[in-house]
Amino acid sequence: MRERRYRSMPPDDAVGRRDFLKAGGAIGAGLVLAGRSLLAAQQTEGQQPPAKPPARPPRPKTNIEDALKVSRTKWSLPGPFPGRVVEVHDPAAMPDGKVDAAVVKAMVERGIRGLTGKSLKKSFGLFLTKTDVVGLKVNPVGPGLISTRLELVDAVIDWLVSCGLPRRNIVIWDRFDYMLTDAGFTAERYPGIAIEGLQTMDEAAAEGKTQDNSKWLKPDGTHVSVPNFDQEVFYWADVEGPKDLPYLNQHVFNGKHSYFGRLLTKKLTKFINLPVFKNSGNAISMATKNIGYGAVCNTNRLHAPLFLDVCVEVPAFWPVRDKMVLNITDGLRSQYDGGPDKNAKFAYIDNRLFFASDPFALDMVCHNRIVAKRKEMGVAVNENPRFTDYLRYAEKLGLGVVDPAKIAHVKA
Amino acid sequence: MSKLSASAALVLALAGTLAAQPQVPGPAFAPGWAASGTLRTFVGQDLFNQIDGGAEIFLEFGFTALRIQAYARDKAELTLSAYEMESAASALGIYLMRMGRETPFAEVAARNSSEDVQLTIVKGRFFIQVDNLGETPAPRADAAALANAFLAGVADETEKTPLDLLPAGGKVAGSERLIRGPYGLQPYFTFGEGDILSLGGKIFGALSAYQTPDGLSFTRLIIPYPGPEAAAAARAHLQANLDPYLKVTATRADGFDFVDYEAKKGSVALAGAVLEIRFGLPGGGRRP
């Protein structure tokens, strides 16, 4: 495959994370360093950096061309409103840090109407039919602080049900089942609605508390969640996943394929993306990352060499491109630094929701907003265009509109 | 030293370190509290299982182990997260990245930057956070008591760092940071891909914002390499692999000047084993 200009982020990772300790002996180095002058230690022969730093690594090949060969449908990204982003702000949404569900419901209704220019019922028809099986892709990371608010999910469900979609046709989902539970997405909280993780992970085994891997590893050496992924539909990148058991526990597969969840390929006919407004290092972790790294397995291998490009190339495949009809970014409580994990120091109540059918326009608007917030708070921000190159790559692929001159950012 | 004896020494040293670990406090740090769930421990790369992509920066700075213990009293909940790092410099590096505007609570017995919902603390080789995110907020005094109960067992190590090399004149207080690789540098500037500054996952650099007497601001980054040859090689590697959004405008015997994508100016200068990089000076001003 030809070398593309678009390379959204510096892999900025000459020392791959899983190789870091193995290759560098970092624990040992730290023990040697402890209690000594660091400057002196840096002069020590044994601590010399490589004489020749590694050359710029080539961008790994991917199967993006396969995604582009599949014919588009009337539902394909960027949906009916390319480049249109609606922002709804209500200072009463989270008084004293507690969500006012009625206010959030009203915000959702304002946002949908603001996006489509039509009533809630007519808006429903622009995105969905009453026979659809509709997923709600939440972000459960950082529960209690910056996970998708349950009240936002409630409001979306109310809208869907009020327009005739049976509750049994709604599925709240994420990649990891235990994270959904931790964040409060349980059957008890959402009666009649399915709650599905694409995969499980044995936390005790992952933490090394037990050597018993039988809860996740089958006798044939495969992960119990293998059947949850569709091995006919995959994102392929020329990067091997690590072969250790902890990686397999967390990622189900560890080769060069990231398979799409069978939930997306076989069960859901549409879905609504409900990410959270937060950062990931100097970049953002919002609409496109929530789905780019949430729809497939075996993703850790992709962070270093492809990072934000994955947020374009995974959504370019039909299970996302043709089914993800609406995005609502939860900025009721936002986080401008310390992400993607929760970090209360940098979390703040912002009382905002953002609506778009075009997730790339949405992320561009939110990227600019987080940059402004970081500046306001005196946090360093690197405005090198490479941090938004992936969004321009998406525009080039016809998945979104991100040129500021073409984006309509509307406050409803 | 043979590989075997080196490994044995490492194991012994590691065992010694683990034995010296401060204890995670029991629930008696304040009245009425009880442990909530069991102690959770993450070692090395397993940190990804707890904080996902947030682990990158910890590993870059030299992460050893994380212990997490939650405590509950009625609807209040406190969670202690104690990150053991390789060295005091590693812990300080993480702390500086995570402190935001430093807002200390006087009742916490170590350097800290705290809010009611979270205490962020550094002492010796430990970076510590206490989350106060229960349905009902815990009293600030209880959160501090939990932190102090842990801190009492932490050795007060100090370590010289390249922060000492940053000139005092014009330095913006509170903007000092340590870097040890690409993830730490990422929010500040992009010089190129990969290990563009040849830090090798081992060398610390220091950076800070500065203001000139005429009100212009820029950032200064200072990296002491193991020797002049390593520094010269690092400088050559940087210039040869410079980010395509940067353009070299002048080359000198000791370095070069550049402009970035916003027409802001920068410079790279080598002096012995030390590389000094300045960037972010508004265009039209003097060479930084």
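Chain naming here is simple, since letters A, B, ... match the order of the sequence lines and numbering starts at 1 in each. Only heavy atoms go into these numbers, but all of them, side chains included; no hydrogens, no water, no symmetry mates.
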Checking heavy atoms, do the side chain of A:N384, its backbone, both or neither come under 4.5 Å from chain B? both
If you draw a 6.0 Å radius around CD in B:E229, do more than 12 non-hydrogen atoms from other residues or ligands fall strictly inside? no
Region of B:L238 that comes under 4.5 Å of a non-hydrogen atom in chain A: neither
Side chains of B:Y183 and A:N282: donor-acceptor distance under 3.5 Å anywhere? no
Can you tell which of A:V379, A:N249, A:N343 has the highest number of heavy-atom pairs within less than 4.5 Å of chain B? A:N343
Run A:K342 and B:D131 through side chain to side chain contact (heavy atoms under 4.5 Å, CB included) and show every step you take. CA-CA 10 Å; A:K342 66 178 177 184; B:D131 287 330; 4.3 Å; yes
Is it the side chain or the backbone of B:Q129 that comes within 4.5 Å of chain A heavy atoms, both, or neither? side chain
Taking every non-hydrogen pair under 4.5 Å, which of B:P187, B:G124, B:G100 racks up the most with chain A? B:P187
Supply the atom-to-atom distance A:N382 CG to B:Y188 OH, rounded to the nearest 0.5 angstrom. 10.5 Å
Tell me, side chain or backbone of B:M85 under 4.5 Å from chain A's heavy atoms, or both, or neither? neither
For B:Y261, is it the side chain, the backbone, both or neither that has a heavy atom under 4.5 Å from a heavy atom of chain A? side chain
Give a yes or no on this: more than 12 heavy atoms of other residues, nucleotides or ligands lie within 6.0 Å of atom NZ of A:K243. yes
Return the option, out of B:M97, B:E77, B:M99, with the maximum number of heavy-atom pairs under 4.5 Å with chain A. B:M99
Using side-chain heavy atoms (C-beta onward) and a distance below 4.5 Å, is B:K264 in contact with A:E383? no
Under 4.5 Å from any heavy atom of chain A - which part of B:T41: backbone
Roughly how far, to the nearest 0.5 Å, is the OG atom of A:S280 from the CD atom of B:Q186? 7.5 Å
Within the structure provided, determine whether A:F387 and B:T190 are in side-chain contact (heavy-atom separation under 4.5 Å). yes
So, B:T103 versus A:K345: side-chain donor-acceptor pair below 3.5 Å or not? yes
Is it true that, when you exclude A:Q211 itself, more than 12 heavy atoms of the residues, nucleotides or ligands shown sit nearer than 6.0 Å to its CD? no
Between the CZ atom in A:F307 and the CD atom in B:E56, the distance rounded to the nearest 0.5 Å is 8.0 Å
Side chain, backbone, both or neither: which part of B:S113 has a non-hydrogen atom closer than 4.5 Å to chain A? both
Tell me, side chain or backbone of B:E135 under 4.5 Å from chain A's heavy atoms, or both, or neither? both
